[in-house]
Each structure stands twice: as structure tokens, then as C-alpha cells.
Amino acid sequence: MKKQTSPELETMRHSAAHVMAAAVCRLFENVRLDIGPATEDGFYYDFDLPHRLGPEDFPAIEAEMAKIVAEDHPFERVEIARDEARRMLEERGQTYKIERLAEIPEGETITLFKSGEFVDLCRGPHVAATGRLGAFKLLTVAGSYFHGIETNPMLQRVYATAQMTQADLDAQVRQLEEAKLRDHRRLGRELDLFSIEESVGPGLIHWHPKGARVRCLVEDFWRQEHFRAGYELLYTPHIGRAGLWETSGHLGFYRESMYAPMQIDENEYFIKPMNCPFHIQIYQGRRRSYRDLPVRYAELGTVYRYEKAGVLHGLLRVRGFTQDDAHIICTPEQIESEIREVIRFARAMWRAFGFEDIAAYLATRPEKAVGEEARWAQATAALEAALQGEGIPYETDPGGGAFYGPKIDLKVRDAIGREWQMSTIQFDFNLPERFDMTYTAADGTPHRPYMVHRALLGSIERFFGILVEHHAGAFPLWLAPEQVRVMPLTDKQLPYAQSIATALRQRDFRVTVDSAPDKIGAKIRQAQVEKIPYMAVVGGREEQAGKVALRHRTSGDLGPMDPDAVIARLQDEVARKGAASAQE
RNA sequence: GCCAACGUAGCUCAGUCGGUAGAGCAGCGCAUUCGUAAUGCGCAGGUCGUCGGUUCGACCCCGACCGUUGGCUCCA
């Protein structure tokens with residue numbers, strides 16, 4: 001996957017951030033600056049000032065920026081000694097900048113950038129002069145902790161965007177509008193897929209019939225593919241005793257994400273934030289031989305995690321969700337082929353759902369880690385070899401792994417170019433130790449198995465949200481909650497319409513009949529709004545000929561067809577799954 | 001949790017200066033039986049997020065709480 005912004009654009013955006021900061025300094029008193037980088041789709045600048053910035057300030061700031069652009073100040077790069085920089089910042093009361101200065105490593109050249117009266121400690125680069133900015137627009141203001149640390153003071157961050165030309169900016173605004181139309185929260189309500197009820201609680205999902213139907217289809221497919229790939233499926237409880245979570249270590253380092261315990265008889269129980277301890281119990285239920293390995297346990301396990309109120313977001317970030325979890329327990333000899341299988345599996349799964357563009361991130365051993373170095377090395381090598389063997393482009397994040405093992409995260413790109421991380425393949429050197437997991441090797445002695453957590457879809461809730469956005473609510477035929485709507489032109493064709501619906505239902509299609517006394521145009525509009533893939537219009541002509549006039553939601557009128565031909569066409573499209581949807 | 005904005009009918013939104021609310025769509029009823037994205041007429045629908053305060057009087061002003069949105073942090 002390639003970056004979507006060019007270095008020129010980034011430079012221009014960063015320069016725009018300086019201009020915005022300069023404008024804010026002109027308009028308000030006592031502005032202390034932090035930093036103003038370019039981002040993937042714009043830029044921001046963090047300030048601390050007594051005035052509370054709000055959208056009502058934007059027109060003035062934008063106007064001042066336009067003035068600075070018109071003044072066309074050159075961006076002047078000045079190298080400066082550290083002491084001198086410090087003195088200058090102290091004079092100006094730029095406390096955040098002084099801290100930033102202290103973080104610059106010894107020996108690195110310190111530079112300032114001047115544009116008119118505005119001076120900022122900055123590495124650059126910048127455009128030649130403030131007159132060289134493209135089109136820009138302020139977007140929102142948000143709070144942001146200095147350095148992103150909660151105990152630090154909160155700064156005011158102004159988000160903005162900039163493009164080389166006004167046309168590009170307009171295009172970006174259109175793209176934002178497009179994303180808004182695809183928003184799964186909006187479509188979830190409009191298409192009656194799911195809801196979140198204030199009376200029940202935030203972050204808790206209610207699947208309505210249509211959403212539940214899609215989920216069911218996703219899960220059926222998921223189960224079928226897992227059996228085919230040699231997994232065993234498990235169901236495990238939703239709660240477990242405190243002792244279990246002590247052994248697993250969750251109460252030690254994960255407690256703030258777990259819900260308060262409940263007292264049952266004399267014991268404390270916790271609702272599960274993860275499925276792993278239960279799977280391990282099943283593994284531990286009897287002695288395991290090397291001949292039993294690999295063990296592949298999979299579960300659509302619903303877990304509950306406390307998420308801070310401010311981070312909840314539709315289906316993408318919730319408090320109760322269903323992981324498509326699996327644990328692979330295997331010998332050292334098996335790990336490479338097992339990882340490779342998982343990657344293949346993930347890719348096939350994504351393809352079925354219409355996602356082709358995949359990239360990977362390999363995260364290696366952090367400073368603080370458990371487990372022997374040799375195991376880390378072997379596991380990391382296995383992950384890398386599998387990525388190379390499967391020809392998946394990847395970036396390495398050195399030291400980015402969890403303390404308990406290295407991992408690969410797989411990201412997919414959706415229909416409008418956004419990247420989503422869902423699959424994760426994660427070694428765990430911690431739990432096998434804590435639970436003292438073993439298998440008996442060929443030599444009769446106990447050995448410690450390797451354990452891998454993996455999720456393909458991530459969470460069913462989140463995956464469903466992404467699926468809705470990817471397809472803009474127009475599910476491919478195999479997933480559509482309603483696949484065909486039969487529409488009699490008048491009441492006279494109602495019995496014939498029913499017979500067509502029955503014939504399709506007998507072939508397992510999801511069909512309804514629109515028997516409302518509306519005109520055909522209104523029925524079609526309704527079905528289009530509901531994003532139903534096929535409409536079967538039946539009037540007097542069709543009834544006479546024993547046909548239906550098939551209409552597709554994007555291709556339009558397909559003309560009269562024999563019911564058998566319709567069935568053959570739909571069966572073929574269902575069989576092609578994601579491949580079919582890509583053509584739409 | 002923190003910063004900011006927001007919360008009016010099922011949905012989208014209007015509501016002037018403080019004098020207890022209105023539209024479109026959806027719903028329901030009646031009429032219409034129609035050829036590929038909206039047939040007409042009528043009816044009904046609200047503790048203005050919740051609680052408290054100010055006021056003769058609060059959708060409107062103030063406070064607290066709940067929720068939503070955009071961020072910060074973290075992640076599936």
C-alpha cells in the first residue's frame with residue numbers, strides 16, 4: 001500500500017501550519033506554541049492560550065492566514081546555537097518549545113524558521129514563501145495533551161486541511177462527504193441493521209433482524225472455513241473465577257480494562273475480557289502428546305472490556321464484542337508452516353469479503369519482554385519467513401511487539417482507500433509459562449509448546465461496521481439480508497408474484513413480495529433505498545409469458561427472463577462471493 | 001477520563017427578544033391498480049436528553065448528570 005501524500009504536499013501543509021500559528025499569534029494574546037505537523041489528510045497545530053478557540057474563530061483565523069499569504073514572507077532558515085535558541089524561547093515565554101528543544105539530541109543542528117514576524121523552532125523543510133500555500137480550510141478544534149500524556153496540560157489543537165489547488169481541496173471535501181454517506185452508524189440506522197440503546201448502555205450493540213442476518217451469514221461462512229482449515233470450534237463461558245485471571249496475569253496488568261467482579265457464593269468471578277484462559281483450560285484437560293499438535297482452537301467468543309467513554313465509536317469501538325479468536329498450540333518445528341497457513345487463511349477470508357489490498361506490520365521484541373531470547377528469535381523469524389513466503393508487503397516495527405511475544409498485524413484497504421487493521425497473529429510466551437502448558441515430546445519428556453493467538457476479522461462487530469462502509473450498505477448478493485424483492489405491477493399479479501417468491505425461496509434465496517398498492521416507480525425507489533440487489537417486476541406481460549422482468553440495483557432493467565434463468569444467475573453470483581461485489 | 005461542540009416527533013431539521021412548539025420524510029386511514037428511483041387527500045405523533053436552579057413565566061438563561069460527535073491515549 002502506498003502513501004497517499006507526496007513530500008511536496010507534506011511540506012506545503014507543514015508550512016500552512018506555521019502560517020496558521022502565525023495568524024493565531026496575531027489575533028490572540030499569550031499564545032504558547034507546541035508543534036504543527038502535517039498529517040495524512042491535513043495538518044494541525046497545538047497551542048496553549050487563554051482564549052478558548054472555537055469554530056466561531058475560524059473565519060478570522062482563515063482571513064488572517066490569507067493576509068499572511070498575500071504578504072508573501074519568505075520562509076527563512078536560520079541555524080542557531082542551542083543556548084541562543086533557549087534564550088530566545090525563554091524571552092518569548094515559549095515553555096513548550098523549551099521542552100521540545102531539550103528533547104533534540106546533542107549534536108543535532110538546531111534550526112529556526114522565520115516568516116515575517118513569526119519565528120518557530122522547526123526542522124523544516126518549508127515552501128519558499130508564505131505566498132506558496134495551496135488552498136486550506138480549518139476543520140475542528142480538539143483538546144490534546146502535551147506529548148499525549150494525560151497528566152500533562154491540555155493544549156488546544158486546531159485541525160485543518162490543505163491541498164495544492166482549490167480543486168483538490170474541493171475533491172477532499174467531497175471525499176469527506178462520501179465517507180459520511182458510508183458511515184456505518186448512519187447506514188446502520190437507515191437500513192435497520194443495528195442500534196445502540198441509551199437505556200441499555202453505551203458501547204453495547206443490538207443486532208436488528210437484517211444486521212443479524214448478515215452476521216449469521218458471515219459466521220456460517222467463517223465456521224465452514226475454519227472446519228476446512230483444520231480448526232476445532234469451542235464455546236466457553238462468559239465469566240470465570242478470579243483465580244483464573246490471577247494465573248493468566250490479567251488481573252495484574254489488564255485489570256483497568258476489566259469490569260468489576262461479581263460475588264457468586266463465596267467466590268469472585270470476572271466477566272471475560274479475553275478467551276485465552278478458557279482455551280488453555282481445555283488444552284490442559286488431559287496430557288498432550290506431540291502427536292496431538294498442532295491444536296487449533298477457534299471460538300466466536302464474546303468478551304467485555306471497559307473502554308473509556310470518550311473512545312466509543314459506533315461498531316468500531318465498543319464495550320462488548322465478539323472476537324473471531326483462535327489459539328494455535330504447536331511444536332517449534334510447526335510454527336513456520338502454521339503461521340504461513342494463518343496468513344493464507346486471512347488472505348482468502350479477506351478476498352471472500354471483497355478486500356484485496358493487504359499489507360502487514362511486523363512488530364518485534366520490545367525492551368521489556370518475557371520469554372527466552374531464542375524463542376523470540378525463532379518466532380520472529382517464522383513470522384518474517386511466512387510474510388516473505390506469501391509475498392505480502394510489510395514494514396517492520398522494531399520493539400513494537402507486546403511484552404509477551406512478536407506479532408504481525410494485517411491491514412486491508414477499503415473501497416475508498418482507508419486502511420483498517422483487523423487481523424493479528426501474535427505469539428505468546430507468557431501464558432504457556434503461567435499455566436505451565438506442556439506436551440510430551442518423542443523422547444518422553446515434557447516440552448513447552450508455542451502458542452499463537454490469532455484473529456482474522458478482529459471482532460465481528462467492528463468487521464461488520466467496516467463491511468458496511470466498504471460496500472456503502474449495498475451488501476454483495478451472498479450477504480444481502482434481502483436478496484430479491486418481487487413487485488407485482490397491480491394486485492392482479494399478486495398470486496403470480498407469490499409463486500415466483502416461493503420458487504426462489506425453495507432455492508434458499510431471501511425474498512419478499514411488495515404487495516403495497518403503490519405505483520411500480522415507488523416500489524422500485526423503496527427497494528433502491530434499501531439497497532436490495534435484485535428486483536423482480538411482474539406485470540400482465542410477464543405473467544402471460546411466465547417470466548419476470550429482472551432489475552439490478554446498479555445495472556438497472558435487465559429485461560424479461562425465465563425464472564430458471566434468474567435462479568441460475570443468482571446462484572452463480574452467490575457462488576462468486578466477494579469477486580462479484582468488486583464489479584459493482 | 002480529559003478538551004470542545006451538540007441533544008426539539010421514528011428520521012432530517014426549523015423555532016426571532018424568555019410568553020409551554022412547526023415542516024418534510026416515515027407511520028396510520030381512505031381513495032387510486034398504475035410498466036422501472038417518490039399518486040393524492042386526511043389523521044395521528046412531543047414531559048423540547050434527565051434532574052435541579054433563576055424567573056410571574058424556561059425549548060430558550062445558569063448548574064449537575066446522562067448520551068452523542070470530533071480529538072487526546074489505547075486498541076479489535
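Lettering follows sequence order; numbering is per chain, from 1.
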Using atom [atom1] in both nucleotides, what's the gap between [N] and [M] to the nearest angstrom?
{"N": "B:G15", "M": "B:G24", "atom1": "C1'", "answer": "15 Å"}
{"N": "B:A5", "M": "B:C61", "atom1": "P", "answer": "14 Å"}
{"N": "B:C66", "M": "B:G49", "atom1": "C1'", "answer": "7 Å"}
{"N": "B:G18", "M": "B:C25", "atom1": "P", "answer": "33 Å"}
{"N": "B:G35", "M": "B:G45", "atom1": "C1'", "answer": "35 Å"}
{"N": "B:A9", "M": "B:A4", "atom1": "C1'", "answer": "29 Å"}
{"N": "B:G52", "M": "B:U16", "atom1": "C1'", "answer": "28 Å"}
{"N": "B:C6", "M": "B:G10", "atom1": "P", "answer": "23 Å"}

What nucleic acid atoms does [X] come within less than 4.0 Å of, heavy atoms only: base, sugar-phosphate, or nothing?
{"X": "A:G540", "result": "base"}
{"X": "A:R541", "result": "base"}
{"X": "A:I524", "result": "base"}
{"X": "A:A527", "result": "nothing"}
{"X": "A:P202", "result": "sugar-phosphate"}

Go ahead and name the base partner of [N]; Watson-Crick or wobble counts if both distances stay under 3.5 Å, otherwise write none.
{"N": "B:A4", "result": "B:U69"}
{"N": "B:C59", "result": "none"}
{"N": "B:C41", "result": "B:G29"}
{"N": "B:U47", "result": "none"}

Reading 5' to 3' through nucleotides 71-76 of chain B, protein heavy-atom contacts under 4.0 Å coded B for base, S for sugar-phosphate only, - for none: BBBBBB
Any salt bridge between A:D562 and A:K547, counting N to O under 4.0 Å?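 Counted as a salt bridge, because a side-chain N and a carboxylate O are separated by less than 4.0 Å.
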Beyond-backbone contact of A:E225 with A:Y231, side-chain heavy atoms, under 4.5 angstrom: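 They are not in side-chain contact.
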Below 3.5 Å, does any donor atom in the side chain of A:E542 face an acceptor in the base of B:G35, or the other way round?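 When only heavy-atom distances are counted, A:E542 does reach the base of B:G35 through a donor-acceptor pair under 3.5 Å.
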Comparing A:R185 and A:L155 on RNA chain B - which has the more 5′ nearest nucleotide: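 Looking at RNA chain B, the more 5' nearest nucleotide goes with A:L155.
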What are the two closest heavy atoms between A:N430 and A:S248, and how far apart are they?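 Shortest heavy-atom separation between A:N430 and A:S248 comes out as ND2-O, 4.1 Å.
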Aromatic ring pairing A:F403/A:F253, orientation class (parallel under 30°, perpendicular over 60°, tilted between):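 Plane angle over 60°, so perpendicular.
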